[in-house]
Amino acid sequence: MREDVEALDIRDVTANWVNAIVLQAQIDDRIKALADLAHTPLFFGRLNYLHAPGAELAEGAEGEQFYIGRRHVHDADGDPMVIDWRAPVSQPFYRASKTDPQDIALRRRFGYTGGELTAYEDEHLSDPAEAAAVSKLLQQEIERPRVGPMRDIVATIQPEQDEIVRSGLSGSVCVQGGPGTGKTAVGLHRVAYLLYAHRDRLARTGTLVIGPNRSFLHYIEQVLPALGELEVKQATVDDLVAQDGLEVRGTDAAETAVVKGDARMAEVLGRAVRSHVSRPTEPLMVVRGSRRWRVPAYELEEMVEELQKRDIRYGAARAALPQRIAHAVLVRMEQAGEAPDDRVQDAVARNAAVKAAVKAIWPAVEPAKLVLRLLSDPEFLALHAADVLTEDEQKLLLWPKPFRSVKSAKWSAADLVLIDEATDLVERTHSLGHVVLDEAQDLSPMQYRAVGRRCTTGSATVLGDLAQGTTPWATRSWDEALTHLGKPQAVLEELTAGFRVPREVIAYASRLLPSISPGLAPVSSVRETPGSLRIAKARADGLTAAVVAACRDSLAHEGSIGLIAADARIPVLADALLAAGLPYLSPGEETTAKSRLTLVPASLAKGLEYDYVVLDEPAAIVDGEPDERTGLRRLYVCLTRAVSGLTALHSAPLPTALS
C-alpha cells in the first residue's frame, strides 16, 4: 500500500503549482501514516460471523470472516485483508461474550513476541458446550513488560472501555478512573475513533490533546501515530495560554495561586474590561463635503447601551459602534434627499471625527496591560473586586512592588491564564472540534475556563482521578469542574477495574483514599501478583544505599524501572546512582533495552508507569507539599506507578494511614 502511494505520478494531474504542492503534501502524509512499526503486527484478532453482517439471519446463510487490526489493509486488487479496529464490523471483538455472542461463532486472539506470531487462542462464543474462560493471551498482553513510550491498547480494550471509546462526537464525556484503569489510553483511542468516524469534520475543526506536562506528552505521543493518526496536536495548559513576548518568570505562593485560579476572577476581569466604556456627553459632528451631520449625545448613548446589552465580545462591539454611527448619519442623508450607498457608510465609519468619538467612548483594551493594572493598582482592583473578593484576597493578588511595563513584569503561570481570559473577553477564542483533557483533576477553575474556550462549539473528553489531585486548587467534584469547562451536560463514566497495577499494590495505596478523597470507590485490580509489594525500613544513614541496592535488584527483572522520590531528594539519589555505576534517564527520555532506569521527581510522576518502582522515603514526598492532604495525594500517585512490583523504603515513620 505504501509503495503504491510512493509510485504515484502527479505531474499531469494538477492544474497549477499550488495544487501540486497541496497534493504532494497529502501524499507525503499518507506515506508517513503507512510507515512500518517495529514489533507492531498488522492484525491481532479474527472474527467469524455466523451470518454476513447486515444480512438477514436466514437459516443456512453463510457467515464471513474478518481479521481485525490497527489499520485497514487491502491487497493489490483493493480487497480488504484486515479491517480497522474502529469499523462497526470490528465492534463484537470487544463487546461480544458468551452471554451476548452478537452473531459471532469464533473470536480468535493472536499472540506475538517481538512482532512474530507465536500463539493463537479461540473462543467459540455461540457454542453452549464451551464454558466461558479468561483469555490467557489477553492477560499476557496486559502484563507485558513496558519499555519505551506508552503504546496502544487496541488488542486489549475491554467492553466498558469500548463503550467510552465509541461514544459520539456530539456529546462530551468525563472519565473518572483510578490508577491502572486505562483512562488515558481510552481517551486517546476515543480521539482515534472520532477521527475515523468524523474525519472530514475534524479535519476542518481540529483536535487537541492536553496533558499536565511535557514529560507526560512525550510518554503518550506515539499512541496516535501508531494508529495512523498524525494530525492531532498536543499541548499543556501553559502552552494554550502562552502570550507572544511574555515569559513565565515568576511564581505564586499557594494561597495566591488559589485566588488567581478562582472562577470569581472571571467576574473581576469582566468588570475591568467593561469599565473602559464611557457615557457619551457631547454630540458628534460629521463633515462630508459641504454638509455637516449632527448625531446628538442621547442617540450615541442609546447605541452604546444597546451594544452593552448584547452578548458580544468587547472588541466586536467596539468594531460595531462606528458602523452604528455611520448608519445614523446615512439616515439623515436619506431624509435630506441624498441616496448614499454602502461605500458611503464605510467612508463615514472611517471618518476622523467618528474614529475620535469611538476612541473616547469605547477605547481599545490590551489584555496584558489590563491584568498588569489589576495586579499593581490597589484602587483599580478594589473597584472591580468589590463584593467579589475579600480584602485579604485582594492583598494576595497585588504585587509587593509594581512593575513598570508588561515586558518587565515577572508573570506567573496563573497570570497568563488571567490574560487569556481577558483576551477572550475582548476577542473570541477559536474553537476546535474536539479536545481531550488528561489529568484534569489538577486544573484550577480558571484553567478549566481556558480549556473550555477551545471547545465551545466542539466536544471534550475529560480524564482524571479525583484522588490524584495534587494542586492546592485541585477540583473536588466533576460536576463543578465540568461547569467551569462549559460542559455541564457531559456524561460521567467511572472506570473501577484496574488492569495494570497489581492487586496488592493498589490495595495498599487505597488505604489513603479515606483521607484524600472520601467516598471515592477504590480500584479493583484484576491482577493478583504475589510478592509484588515490599515495604522495608532502613537506618537514616543507610537509606540512600538501600535505595540504590533496590534499584540494582529491580534491574535484574525484565522491563522498565522507575526510582521515584521527593523532589528535594533527587540530587542526592542522582549522585548515588552514578557513584554506583547505574546510569539513569530523566522523565520523558525513552527507555531502551540498555537503559531502563529512570529517576523521577515525585512532582512529575503522574501519568507515567514503570514495570518496577522503587519508592524513596514516603514521608518526604508528603512533606514536600504545602499541606498534608495534597502530600498524601502525591504519595498515592507515586505508590500506583508500578505495573509489576513496588519496593518502598523508608527511615522516617510512614504516614498514619499506611502504617
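Given the structure is predicted, the values throughout are model-derived calculations rather than measurements.
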Undergrad: Any ion pair linking Glu305 and Lys309 (charged N to carboxylate O, less than 4.0 Å)?
TA: no
Undergrad: Got a salt bridge between Lys606 and Asp465, using NZ or NE/NH1/NH2 to carboxylate O under 4.0 Å?
TA: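 Salt bridge between Lys606 and Asp465, a charged N being under 4.0 Å from a carboxylate O: no.
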Undergrad: Any donor-acceptor pair under 3.5 Å linking the side chain of Glu480 with the backbone of Ser477?
TA: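 Not confirmed, Glu480 side chain does not pair with Ser477 backbone.
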Undergrad: With distance as the sole test, does Asp424 use its side chain to make a donor-acceptor pair with the main-chain N or O of Thr429 at under 3.5 Å?
TA: yes
Undergrad: Quick one: are Glu231 and Leu195 in side-chain contact, heavy atoms under 4.5 Å?
TA: no
Undergrad: Let me know which of Thr470, Asp567, Asn213 forms a side chain to side chain donor-acceptor pair (under 3.5 Å) with Ser603.
TA: Asp567
Undergrad: Could you tell me whether the side chain of Glu338 reaches within less than 4.5 Å of the side chain of Arg291, counting heavy atoms only?
TA: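 Yes; the side chains approach each other to less than 4.5 Å.
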Undergrad: May I ask you to say whether Lys260 pairs ionically with Asp252, meaning some side-chain N is under 4.0 Å from a carboxylate O?
TA: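 Looking at Lys260 and Asp252, the cut-off is met.
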Undergrad: Look at atom CZ of Arg476 and say whether more than 12 heavy atoms of other residues, nucleotides or ligands are closer to it than 6.0 Å.
TA: no
Undergrad: Under 3.5 Å, side chain of Trp293 to main-chain N/O of Leu330, donor-acceptor pair present?
TA: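 Side chain of Trp293 to backbone of Leu330, a donor-acceptor pair under 3.5 Å: no, none is there.
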Undergrad: Test side chain to side chain contact (heavy atoms under 4.5 Å, CB included) on Arg288 and Val344; report intermediate values, then the result.
TA: CA-CA 10 Å; Arg288 286 228 6 123; Val344 175; 4.0 Å; yes
Undergrad: Please check this pair: side chain of Arg454 against backbone of Leu240, looking for a donor-acceptor N/O pair closer than 3.5 Å.
TA: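 Checked: pair present.
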Undergrad: Decide yes or no on side chain to side chain contact (heavy atoms under 4.5 Å, CB included) for His189 and Gln161, but give the supporting numbers first.
TA: CA-CA 10 Å; His189 286 67; Gln161 296 173 327; over 6 Å; no
Undergrad: Hey, could you give me the CG/NZ distance between Leu463 and Lys183, rounded to the nearest 0.5 Å?
TA: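 Reported to 0.5 Å precision, the distance equals 8.0 Å.
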Undergrad: Are the side chains of Val462 and Lys487 in touch, meaning some heavy atoms are under 4.5 Å apart?
TA: no
Undergrad: Give me the ring orientation class for Phe403 and Trp399: parallel if the planes are under 30° apart, tilted from 30 to 60°, perpendicular past 60°.
TA: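 The rings of Phe403 and Trp399 stand perpendicular, inter-plane angle above 60°.
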Undergrad: Which heavy atom in Glu439 sits nearest to a heavy atom in Pro212, and how many Å separate them?
TA: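 So the two residues come closest at CG-CG, 3.7 Å.
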Undergrad: When you measure from the side chain of Arg249 to the backbone of Ser408, do you find a donor-acceptor pair of N or O atoms at a distance under 3.5 Å?
TA: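 Side chain of Arg249 to backbone of Ser408, a donor-acceptor pair under 3.5 Å: yes, one is there.
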Undergrad: Looking at Trp85 versus Tyr193, is the centre-to-centre ring distance below 6.0 Å?
TA: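 No; Tyr193 has its ring centre 6.0 Å or more from that of Trp85.
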Undergrad: Of all the heavy-atom pairs spanning Pro280 and Val304, show the shortest one and how long it is.
TA: CG-CG2, 4.1 Å
Undergrad: Can you find a heavy atom in the side chain of Leu300 that is under 4.5 Å from one in the side chain of Ile325?
TA: yes
Undergrad: Applying salt bridge (charged side-chain N to carboxylate O under 4.0 Å, His left out), run through Arg343 and Asp341 and close with a yes or a no.
TA: CA-CA 5 Å; Arg343 290 174 296 176; Asp341 57 18; 3.0 Å; yes
Undergrad: Might you confirm whether atom CD of Glu302 has over 12 heavy atoms from other residues, nucleotides or ligands at distances under 6.0 Å?
TA: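 Result for CD/Glu302: enclosed.
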Undergrad: Are Met333 and Val329 packed together at the side-chain level, in the sense that at least one heavy-atom pair is separated by less than 4.5 angstrom?
TA: yes
Undergrad: Closer than 3.5 angstrom, by distance alone: can the side chain of Arg190 be matched with the main-chain N or O of Val436 as a donor-acceptor pair?
TA: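 Looks like no, no N/O pair under 3.5 Å.
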Undergrad: Can you confirm whether more than 12 heavy atoms, excluding those of Arg201, are under 6.0 Å from its CZ atom?
TA: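 Count not over threshold, so no.
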Undergrad: List the steps, then state whether side chain to side chain contact (heavy atoms under 4.5 Å, CB included) holds for Val237 with Ile210.
TA: CA-CA 7 Å; Val237 174; Ile210 303 172; 3.8 Å; yes
Undergrad: Dump the intermediate steps for salt bridge (charged side-chain N to carboxylate O under 4.0 Å, His left out) on Lys395 and Glu391, then the final yes or no.
TA: CA-CA 6 Å; Lys395 289 177 182 177; Glu391 290 185 7; 5.2 Å; no
Undergrad: I'd like to know whether NE2 of His276 has more than 12 heavy-atom contacts from other residues, nucleotides or ligands below 6.0 angstrom.
TA: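 Enclosed: over 12 neighbouring heavy atoms sit under 6.0 Å from NE2 of His276.
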Undergrad: Working to the nearest 0.5 angstrom, can you tell me the gap between Thr207 OG1 and Lys233 NZ?
TA: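 Going from the OG1 atom of Thr207 to the NZ atom of Lys233 covers 8.0 Å.
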Undergrad: Check the surroundings of atom CZ in Arg332: do more than 12 heavy atoms from other residues, nucleotides or ligands lie under 6.0 Å from it?
TA: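 Check passes, neighbour count above 12.
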Undergrad: Would you sort out whether Glu421 and Val417 count as a side chain to side chain contact (heavy atoms under 4.5 Å, CB included), showing the intermediate values?
TA: CA-CA 6 Å; Glu421 177 84 27; Val417 178; 5.9 Å; no
Undergrad: For residues Asp415 and Ser412, is any side-chain donor paired with an opposing acceptor at under 3.5 Å?
TA: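 Per modelled atom types, Asp415 and Ser412 side chains form a pair under 3.5 Å.
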Undergrad: I need the minimum non-hydrogen distance between Leu194 and Ser167, along with the two atoms involved.
TA: CD2-O, 3.7 Å
Undergrad: Give the minimum heavy-atom separation between Pro159 and Arg95, together with the two atoms involved.
TA: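 Of all heavy-atom pairs spanning Pro159 and Arg95, the closest is O-NE, 4.1 Å.
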Undergrad: I'd like to know if the side chain of Arg166 and the backbone of Arg86 have a donor-acceptor N/O pair within less than 3.5 Å.
TA: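 Yes; at least one donor-acceptor contact below 3.5 Å.
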Undergrad: Is there a side-chain contact between Gln234 and Ile220 in this structure, where contact means two heavy atoms from C-beta onward sitting under 4.5 Å apart?
TA: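 Side-chain contact under 4.5 Å: yes.
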Undergrad: Salt-bridged, Arg214 to Asp239, with N to O below 4.0 Å?
TA: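 So Arg214 pairs with Asp239 through a salt bridge.
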Undergrad: How about Thr471 and Ser444: do any of their side-chain heavy atoms sit closer than 4.5 Å?
TA: no
Undergrad: Sub-3.5 Å donor-acceptor pair from the side chain of Thr630 to the main-chain atoms of Glu625, do we have one?
TA: no
Undergrad: Roughly how far apart are Leu372 CG and Leu418 CG, rounded to 0.5 Å?
TA: 12.0 Å
Undergrad: Quick check: closest heavy atoms across Ala413 and Val248, and the distance to 0.1 Å?
TA: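 Where Ala413 meets Val248 most closely, the heavy atoms are N-CG1, 3.7 Å.
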Undergrad: What's the separation between atom CZ in Arg204 and atom CG in Leu432, rounded to the nearest 0.5 Å?
TA: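 If I round to the nearest 0.5 Å, the distance is 13.5 Å.
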Undergrad: Search all heavy atoms of Ala521 against all heavy atoms of Glu494 and return the closest pair with its distance.
TA: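 Minimum heavy-atom separation between Ala521 and Glu494: CB-OE2, 4.0 Å.
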Undergrad: Students often mix this up, so state it plainly: with edges at 30° and 60°, are the rings of Tyr448 and His484 parallel, tilted or perpendicular?
TA: parallel
Undergrad: Would you indicate whether Arg199, at its atom CZ, is surrounded by more than 12 heavy atoms from other residues, nucleotides or ligands within a distance under 6.0 Å?
TA: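 Atom CZ in Arg199 is packed in, count exceeds 12.
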Undergrad: Inspect the surroundings of CD in Glu255 and state if more than 12 heavy atoms from other residues, nucleotides or ligands are less than 6.0 Å away.
TA: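 More than 12 within 6.0 Å, yes.
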Undergrad: Taking the side chain from His434 and the backbone from Val191, do they hold a donor-acceptor pair closer than 3.5 Å?
TA: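 No; judged by distance alone, with no hydrogens or angles, the pair does not exist.
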Undergrad: Using 0.5 Å steps for rounding, measure from the CD1 atom of Ile419 to the CG atom of Leu269.
TA: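 Interatomic distance, Ile419 CD1 to Leu269 CG, rounded to 0.5 Å: 10.0 Å.
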Undergrad: More than 12 non-hydrogen atoms from neighbouring residues, nucleotides or ligands closer than 6.0 Å to CD on Glu366, yes or no?
TA: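 No, CD of Glu366 has 12 or fewer neighbouring heavy atoms, counting only those of other groups under 6.0 Å.
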Undergrad: Please report the interatomic distance CD1(Ile21) to CG(Asn16), rounded to the nearest 0.5 Å.
TA: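 Atom-to-atom, Ile21:CD1 and Asn16:CG are 9.0 Å apart.
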Undergrad: Does any N or O in the side chain of Thr483 come within less than 3.5 Å of the main-chain N or O of Asp479, such that one atom is a donor and the other an acceptor?
TA: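 Between the backbone of Asp479 and the side chain of Thr483 there is a qualifying donor-acceptor contact (under 3.5 Å).
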Undergrad: Any side-chain heavy atom of Arg318 within less than 4.5 Å of one from Val277?
TA: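 No, too far: nothing below the 4.5 Å cut-off.
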